[in-house]
Amino acid sequence: MSSSLSVSQIATAVALVTSFSVGYALGVKSAAASSSKHKPGQNASSADASAVQEAIKEDSEDEGNAADGDLSAVKPGFMEPCKLVLIVRTDLGMTPGKITAQYRHATLACYKALLRTNPRLLTHWERTGQAKIALKANSEDELLKLEASAKSLNLCARAIHDAGRTQIAAGSCTVLGIGPGPVGLVNRVTGKLRLL
């Protein structure tokens, strides 16, 4: 009896995995098809989307990201896990609230950059759990080296510089966001860092 039960459980698990995989593939295909069908100005929602895209374009021009690699070149495998890594400078002594605010800025900067250059990667990250990992670095020099390493692998990397209105001196590099990207690729840059 127990062997037939385990066969039944295995069959159910295989059916669920197959169903999920097929559903995911169809969802990716339909999302890509629907995004290619809509043209700006087609209806009210596409006009809103056009306005958002224009705002993103303006913001990205201000960020000075000329040194980026080819962000559209990163393509995760089917069901390959992806993650966004947020690296905070511990030498600044930021409070938890300040760190949280800086993380939000880094997450949004990475999201906006990939929304413009690699929306499929962004969608894949969203569908595979939106993993975000908090790590720590000891200095601005360490953040700059990590940023250069990430960009050399065509990963999105965005450094956040504080405005200087509260705890930190103006222009201080506080947090570096890397990704979202395939876990193995991101780990090539951040694999030796410690959790925050």
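Quantities reported herein were computed from a predicted structural model and do not represent experimental measurements.
- Residues Tyr111 and Arg116 are not in side-chain contact: their nearest non-hydrogen atoms beyond the backbone lie 4.5 Å or more apart.
- Residues that satisfy the side-chain contact (heavy atoms from CB on, under 4.5 Å) test with Asn154, not counting sequence neighbours, are Asp70, Ala73, Val74.
- Judged by distance alone, the side chain of Thr190 and the main-chain N or O of Leu193 form no donor-acceptor pair under 3.5 Å.
- Here the side chains of Pro119 and Leu114 are not in contact, with every heavy-atom distance at 4.5 Å or above.
- A donor-acceptor pair is defined here as one N or O able to donate and one able to accept, closer than 3.5 Å; such a pair exists between the side chain of Thr128 and the backbone of His124.
- There is no path of hydrophobic side-chain contacts, each under 4.5 Å, that joins Leu71 to Ile160.
- Nearest heavy atom pair, residue Ala113 against residue Arg158, reads CB-NH2, 3.2 Å.
- Between Leu176 and Ala159, the shortest heavy-atom contact is CD1-N, 3.8 Å.
- Counted within 6.0 Å of NZ on Lys75, heavy atoms from surrounding residues, nucleotides or ligands total more than 12; the atom is thus considered enclosed.
- By the side-chain contact (heavy atoms from CB on, under 4.5 Å) test, Thr90 is found to be paired with Lys136, Asn138, Leu196, residues two or more places apart in sequence or in another chain being considered.
- The backbone N or O of Ile168 lies less than 3.5 Å from no partner atom in the side chain of Ser172, so there is not a single donor-acceptor pair.
- Take Lys98 and apply the salt bridge (Lys or Arg N to Asp or Glu O under 4.0 Å) test, not counting sequence neighbours, and it matches Asp162.
- Within the 3.5 Å criterion, the main-chain N or O of Gly77 finds a donor-acceptor partner in the side chain of Glu80.
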With a cut-off of 3.5 Å and sequence neighbours excluded, list every side-chain donor-acceptor pair involving residues 82-89.
| from | atom 1 | to | atom 2 | distance (Å) |
| --- | --- | --- | --- | --- |
| Lys83 | NZ | Asn187 | OD1 | 2.6 |
| Arg89 | NE | Asp91 | OD1 | 3.0 |
| Arg89 | NH1 | Cys173 | O | 2.9 |
| Arg89 | NH2 | Asp91 | OD2 | 2.8 |

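- In this view, Leu108 and Lys112 satisfy the side-chain contact (heavy atoms from CB on, under 4.5 Å) rule, not counting sequence neighbours.
- You'll find the side chain of Arg188 reaches within 4.5 Å of the side chain of Leu153, heavy atoms only.
- In this view, Ala150 and Leu155, Ala157, Ile178, Val189 satisfy the side-chain contact (heavy atoms from CB on, under 4.5 Å) rule, not counting sequence neighbours.
- Trp125 contributes no side-chain N or O that, together with a main-chain N or O of Gly181, makes up a donor-acceptor pair within less than 3.5 Å.
- Two residues are said to be in side-chain contact when any heavy atoms from C-beta on lie closer than 4.5 Å; Arg194 and Leu135 fail this criterion.
- To the nearest 0.5 Å, the span separating SG on Cys156 from CG on Leu122 amounts to 9.5 Å.
- Rounded to the nearest 0.5 angstrom, Gln102 CD and Leu92 CG are separated by 9.0 Å.
- Val183 and Leu195 are members of different hydrophobic clusters when ILVMFWY side chains are connected at heavy-atom separations under 4.5 Å.
- With values rounded to the nearest 0.5 angstrom, Met79 atom CE is found 10.5 Å from Arg127 atom CZ.
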